[in-house]
2 protein chains.
Amino acid sequence: MKNPTRNREATRLKLINAVGQVLAEKGFTHLGVNAVARQAGVDKVLIYRYFGGMPGLIKAFGQEGDFWPSMEELAGGNIDAYRVLPLEEKLKIMGRNYLKGIRKRPLTQEIMAWEMVERNNLTEELEIIRETRMLRFAELFLQVGEETVDVMAVVGLMGAGLSYLICRSRRIRWYNGIDLENQEGWKRLENGIDLVVEGVARLMQARD
Amino acid sequence: MKNPTRNREATRLKLINAVGQVLAEKGFTHLGVNAVARQAGVDKVLIYRYFGGMPGLIKAFGQEGDFWPSMEELAGGNIDAYRVLPLEEKLKIMGRNYLKGIRKRPLTQEIMAWEMVERNNLTEELEIIRETRMLRFAELFLQVGEETVDVMAVVGLMGAGLSYLICRSRRIRWYNGIDLENQEGWKRLENGIDLVVEGVARLMQARD
DNA sequence: GCATTAAGTCACCGTTTAGTGACTTGATGG
DNA sequence: CCATCAAGTCACTAAACGGTGACTTAATGC
């Protein structure tokens, strides 16, 4: 039969997709064999048969996802054009694109919130992807180590701040008088990135 | 009887304290009537009798706690001495004290993680305290609004970054090549605060 | 000393969870 | 056409959850 009603591979995919749907719709606190099986429309025993249990299914889900902005995405699409920009411009562009990249990935936001609470196959996956990709990006494009100031600390502080505010904004509107339900609030933050980068750039020039 | 074995007020306090203990030891995902009653060593029915249920108990807990650095704490102890410092110094000191103040409050860290997941009496409490206190602090000590640059956006970005890294560091060691299990990593971040503040201060001078 | 009130105990309910053994039934090769 | 194997169904367990009614018993006023 070409399109059998019983299809192991198709069922596996249904389960893997259901993980993302439950995460997006109910959050990680409601993620479990029952909820995923219900969402996928299959029996939960298949989670144990095909993945050995929930951790295995989560691991499989983690290997399929697009959880983190790619290098191209952070660079704004054209890597070669990005490479020749001055450091100040590079950092501003990266900041903006990081913000945009995380904001458009609700699943990543959910996993970031999860990282604060628990270690598991999925949070470890995101952790590794982020760390390797950010370090590689810095190595390729930012002249880190040659600088007189700790650029990575500032970049980290900024990235962490954006991550926090994005995750937080899903449930809480205001932060420090900034309205995160309003586009104007996010404009202020983009502006804040520019301010920080410009300021640090001046500092670097002054110390040369 | 002076010290009755049956003492409503003492039992109320046991329950309220148990909330903090469960939060600190097991995390908010394991907080519930059963766990709190077990921790307090009393029957869970008393949670309903004295507080009307878990939300009421959580609310009572929220009103007893020291969840946020006070103004004095952020100013470094001596408010009058703080008041006369230049803005650059004020921001650096506030940043350091904010970092220290959140790092020494594991319960606050847990509630901050909770804020990413759910709204409830406790997260709302922390939300209100933080927002009013930070705005009041800015109003009293930072000349916000009179400046040519959006100081509050930069301060918010920095505070959010520190909050994120503190909460995250409870379970994940590395961020952007910064080792958060090592005191040296936190030193780099303090240094990063200084860099940002100095940079933005120069920008403000340049724009005057 | 006795009756009243409320502090505290306990057994139970219905629901949800993770996990398993036994079953039915569809697809496939010989 | 039939036997085999695995895909999928189902019923069940044990534990944990939030929540409630009925009970015992200690403290208190009279």
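Below, each value reflects all heavy atoms present in this structure, side chains not excepted, and no hydrogens, waters or symmetry copies. Residue numbering restarts at 1 for every chain, and letters A, B, ... go by the order of the sequence lines.
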If you compare every side-chain N and O of B:Thr5 against the phosphate oxygens of D:dA27 (OP1, OP2), does one of them come in below 4.0 Å?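 Affirmative; the distance criterion is met.
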
Under 4.0 Å from OP1 or OP2 of D:dA7: is there any side-chain N or O of A:Arg8 that close?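 Result: yes.
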
Measure from [atom1] on [X] to [atom2] on [N] and round the result to the nearest Å.
| X | N | atom1 | atom2 | answer |
| --- | --- | --- | --- | --- |
| A:Asp43 | C:dG26 | CG | P | 16 Å |
| B:Arg6 | C:dT4 | CZ | P | 18 Å |
| A:Glu9 | D:dG8 | CD | C1' | 16 Å |
| A:Leu46 | D:dT9 | CG | C1' | 9 Å |

Indicate yes or no for a side-chain donor-acceptor contact from [X] to the backbone of [Y] under 3.5 Å, with no hydrogens or angles considered.
| X | Y | value |
| --- | --- | --- |
| B:Asn176 | B:Ile178 | no |
| A:Asn121 | A:Pro55 | yes |
| B:Glu72 | B:Ile79 | no |

Within-4.5 Å side-chain heavy-atom neighbours: B:Glu115 and A:Tyr164: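 Contact flag for B:Glu115/A:Tyr164 side chains = yes.
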
What do the steps show when you test B:Arg133 against B:Glu73 for salt bridge (charged side-chain N to carboxylate O under 4.0 Å, His left out), and what is the final call? CA-CA 12 Å; B:Arg133 210 172 281 184; B:Glu73 211 175 333; over 6 Å; no

Protein and nucleotides 13-16 of chain C: nitrogen or oxygen contacts under 3.5 angstrom:
none

Using the six-membered ring wherever Trp is involved, compare the ring planes of A:Tyr82 and A:Phe141 and label them parallel, tilted or perpendicular (cut-offs 30° and 60°).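 It falls in the perpendicular class, over 60°.
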
Along DNA chain C (nearest heavy atom to each residue), the more 5'-positioned of A:Lys44 and B:Thr11: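 The 5'-side residue here is B:Thr11.
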
Close residues, residues 23-33 of chain B, relative to DNA chain D [heavy-atom separation under 4.0 Å]: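 B:Gly32, B:Val33, in order of number.
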
Neighbours of DNA chain D within residues 48-62 of chain A, by heavy-atom distance under 4.0 Å: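 Heavy-atom cutoff 4.0 Å gives A:Arg49, A:Tyr50.
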
So, taking the atom named CG in A:Leu157 and the one named OH in B:Tyr175, what distance separates them when rounded to the nearest 0.5 Å?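 Output value for this atom pair is 9.5 Å.
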
Exercise: do A:Glu110 and A:Trp114 side chains pair donor with acceptor under 3.5 Å: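 Note: A:Glu110 and A:Trp114 side chains miss the donor-acceptor criterion.
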
Pair A:Glu198, A:Lys92 - check side-chain contact (heavy atoms from CB on, under 4.5 Å), show working. CA-CA 9 Å; A:Glu198 281 173 32; A:Lys92 284 184 186 178; 2.9 Å; yes

Assess whether salt bridge (charged side-chain N to carboxylate O under 4.0 Å, His left out) is satisfied between A:Glu124 and A:Arg119, documenting all intermediate values. CA-CA 7 Å; A:Glu124 278 179 26; A:Arg119 265 182 94 90; 3.7 Å; yes

